[in-house]
Amino acid sequence: MVEKRRSEEIVQAYAALIAVALPLAVAAEDAVNITHELPHVDVDVKGKIVRIERNPDPFNMIDPDYALTSRACPPFCIQPMQLAPGVETIGELELLDYLREISSGRDDVLVIDSRDGHWPQRSGIIPGALVLPWDQLFPARADRESIAHILEEKFGARRDGPLWSFAQARTLVFYCNGPWCGQSPTNIKSLLGMGYPAHKLKWYRGGIQEWKQLGLTTVAP
């Protein structure tokens, strides 16, 4: 009789544990938010609303392309936290703020994916970003007039005789593959050399690698 009562007590204890744990498990699966107060961010991408959110599956894993820990250096060397004086290094939340402002109509900011080759198609891009391969802004790879066209038509700079005026130029937020990628740093340094104001250049150092590590949404370019 004692054994039977003890078995019943154990079964009841397990049932009570499951009753408590199951709702918590379900809640945990539903609560993969960006922050405690921010579940997602909706951005307008060419007239279509795209929701940026984290993958709700707690067992989701990063793409194999971004699971590698070691790449030949050079060229894939670890980048510093600050590229140059006045150039702000930002994280995911700051980038999301820029994307939200752009989606709300702010037109003096541009988010740029600097990656070349197959990378944008292979891994997707951050919603709202413009794909502009790094070599299109690099003087050793692109001709002067092509770069000038980008400065004027995409960035809002204006020629002032032989010089450039950046008074009305956009704030540019660059990213590439991750902290080991030199493509967006190369663009930022090139623009600084052309006179682009440092305070109008932002760098998302984490790039696609850290974006994907956090399970955030990407879209086809």
Side-chain angles (χ1 to χ4, degrees), residues 41 43 45-46 48 50 52 54-55 61-84 87-99 102-103 109-143 146-147 149-151 153-155 169-194 196 200-221:
V41 171
V43 298
V45 180
K46 296 181 178 179
K48 179 182 178 182
V50 176
I52 300 176
R54 295 177 70 189
N55 191 306
M61 300 183 73
I62 192 170
D63 292 353
D65 282 340
Y66 295 96
L68 294 174
T69 63
S70 306
R71 300 172 190 266
C73 169
F76 304 112
C77 301
I78 296 174
Q79 298 292 326
M81 187 57 69
Q82 185 176 24
L83 287 178
V87 176
E88 183 183 11
T89 303
I90 65 171
E92 293 76 25
L93 298 183
E94 292 80 14
L95 177 53
L96 286 169
D97 284 341
Y98 280 121
L99 291 171
I102 293 169
S103 185
V109 177
L110 191 62
V111 176
I112 298 173
D113 187 319
S114 293
R115 296 175 299 161
D116 63 6
H118 65 277
W119 281 107
Q121 290 77 19
R122 181 167 176 168
S123 64
I125 67 171
I126 293 173
L130 168 71
V131 177
L132 185 63
W134 71 277
D135 52 4
Q136 293 186 22
L137 282 175
F138 190 48
R141 294 283 192 94
D143 64 82
S146 295
I147 294 175
H149 180 77
I150 293 172
L151 290 175
E153 297 302 318
K154 296 188 182 300
F155 298 169
R170 289 184 168 95
T171 293
L172 308 177
V173 184
F174 285 91
Y175 73 88
C176 49
N177 269 321
W180 46 269
C181 180
Q183 295 175 328
S184 54
T186 297
N187 279 167
I188 290 172
K189 292 173 184 177
S190 295
L191 288 171
L192 288 171
M194 299 174 197
Y196 215 98
K200 291 189 174 186
L201 297 172
K202 312 295 180 182
W203 181 41
Y204 173 39
R205 180 178 184 268
I208 286 292
Q209 181 165 31
E210 292 189 11
W211 189 265
K212 283 182 171 289
Q213 282 178 340
L214 293 171
L216 289 163
T217 304
T218 58
V219 295

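Each residue takes its place number in the sequence, starting with 1. From a predicted model like this one, the values you see are computed outputs, not experimental measurements.
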Engineer: Report yes if some heavy atom in the side chain of Val43 is under 4.5 Å from a heavy atom in the side chain of Ile102; otherwise report no.
Structural biologist: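 Val43 does not reach Ile102 side chain to side chain.
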Engineer: Under 4.5 Å between any side-chain heavy atoms of Tyr175 and Asp113, yes or no?
Structural biologist: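 Result yes, sub-4.5 Å side-chain heavy-atom pair found.
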Engineer: For the residue pair Thr89 and Leu83, establish whether any side-chain heavy-atom pair is separated by less than 4.5 Å.
Structural biologist: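 The answer is no, as the side chains (C-beta and beyond) never meet within the 4.5 Å cut-off.
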Engineer: Say you draw a straight line from CD1 of Ile78 to CZ of Arg205; how long is it, rounded to the nearest 0.5 Å?
Structural biologist: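 Here the rounded value is 7.5 Å.
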Engineer: May I ask you to test the Pro185-Ser114 pair for a side-chain heavy-atom distance under 4.5 Å?
Structural biologist: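 A side-chain contact is absent here, since even the closest heavy-atom pair is not under 4.5 Å.
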Engineer: Please find the pair of heavy atoms, one from Val131 and one from Pro221, that lie closest to each other, and give the distance.
Structural biologist: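 Minimum heavy-atom separation between Val131 and Pro221: CG2-CB, 3.9 Å.
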Engineer: So, does Glu210 use its side chain to make a donor-acceptor pair with the main chain of Gly207 at under 3.5 Å?
Structural biologist: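 Checked: no pair found.
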Engineer: Supply the atom-to-atom distance Leu96 CG to Ile90 CD1, rounded to the nearest 0.5 angstrom.
Structural biologist: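 Reported to 0.5 Å precision, the distance equals 9.0 Å.
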Engineer: Quick one, Val87 and Tyr196 - any side-chain contact, counting heavy atoms below 4.5 Å?
Structural biologist: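 No, too far: nothing below the 4.5 Å cut-off.
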Engineer: Please give me the minimum heavy-atom distance between Glu88 and Lys202, naming the atom from each residue.
Structural biologist: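 Heavy atoms of Glu88 and Lys202 come nearest at OE1-NZ, 3.1 Å.
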Engineer: Considering non-hydrogen atoms only, spot the tightest contact between Ile125 and Ala129 and give its length.
Structural biologist: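 Reported closest heavy-atom pair: CD1-O, 3.6 Å.
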Engineer: Aromatic rings Tyr66 and Trp119: how do their planes relate, parallel, tilted or perpendicular, breaks at 30° and 60°?
Structural biologist: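 Plane angle between 30° and 60°, so tilted.
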Engineer: Enter the distance from Arg115:CZ to Phe174:CZ here, rounded to the nearest 0.5 Å.
Structural biologist: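 Answer rounded to 0.5 Å: 14.0 Å.
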Engineer: Identify the residue among Leu172, Leu130, Leu95 that makes a side chain to side chain contact (heavy atoms under 4.5 Å, CB included) with Val111.
Structural biologist: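 So the option named by the test is Leu95.
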Engineer: Atom CG of Asn187 and atom CG of Leu132: how far apart are they, to the nearest 0.5 Å?
Structural biologist: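 Going from CG on Asn187 over to CG on Leu132, the span is 7.0 Å.
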Engineer: Only one of Val173, Val45, Ile126 passes side chain to side chain contact (heavy atoms under 4.5 Å, CB included) with Leu99; say which it is.
Structural biologist: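 Checked Val173, Val45, Ile126 against Leu99; only one passes side chain to side chain contact (heavy atoms under 4.5 Å, CB included): Ile126.
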Engineer: Atom CZ in Arg141, atom CD in Gln136: separation rounded to 0.5 Å?
Structural biologist: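 With rounding to 0.5 Å, CZ (Arg141) is 11.5 Å from CD (Gln136).
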Engineer: Indicate yes or no: at least one non-hydrogen side-chain atom of Ile208 is less than 4.5 angstrom from one of Ser123.
Structural biologist: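 Of all side-chain heavy-atom pairs linking Ser123 with Ile208, at least one is under 4.5 Å.
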Engineer: Should Leu151 and Met194 count as side-chain neighbours, where that means a heavy-atom distance under 4.5 Å?
Structural biologist: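 Sidechains of Met194 and Leu151: in contact.
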Engineer: Tell me the closest heavy-atom pair linking Arg170 and Glu153, and the distance in Å.
Structural biologist: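 Looks like NH1-O, 4.5 Å.
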Engineer: Within the 3.5 Å criterion, strictly below it, is a donor on Trp211 or Thr218 matched to an acceptor on the partner's side chain?
Structural biologist: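 Not at all, the side chains of Trp211 and Thr218 share no donor-acceptor pair under 3.5 Å.
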Engineer: Could you grab the distance from atom CD of Gln79 to atom SG of Cys176, nearest 0.5 Å is fine?
Structural biologist: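 These two atoms lie 7.5 Å from each other.
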Engineer: Going by ring pair (Phe, Tyr, Trp, His ring centres under 6.0 Å), name the residues that satisfy it together with Trp134, two or more places apart in sequence or in a different chain.
Structural biologist: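 Only Phe138 meet the ring pair (Phe, Tyr, Trp, His ring centres under 6.0 Å) criterion with Trp134.
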Engineer: If only side-chain N and O atoms count, and only distance matters, is there a donor-acceptor pair under 3.5 Å linking Gln183 with Asn177?
Structural biologist: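 Asn177 vs Gln183: no donor-acceptor pair found between side chains.
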Engineer: Check whether any side-chain heavy atom of Leu68 sits under 4.5 Å from a side-chain heavy atom of Phe76, and report yes or no.
Structural biologist: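 In short, these two side chains do not touch, never coming nearer than 4.5 Å.
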Engineer: Can you list everything that forms a side-chain hydrogen bond (donor to acceptor under 3.5 Å, both in side chains) with Trp180? Sequence neighbours excluded, please.
Structural biologist: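 Partners of Trp180 by the side-chain hydrogen bond (donor to acceptor under 3.5 Å, both in side chains) criterion, ordered by chain and then number, come out as Gln209.
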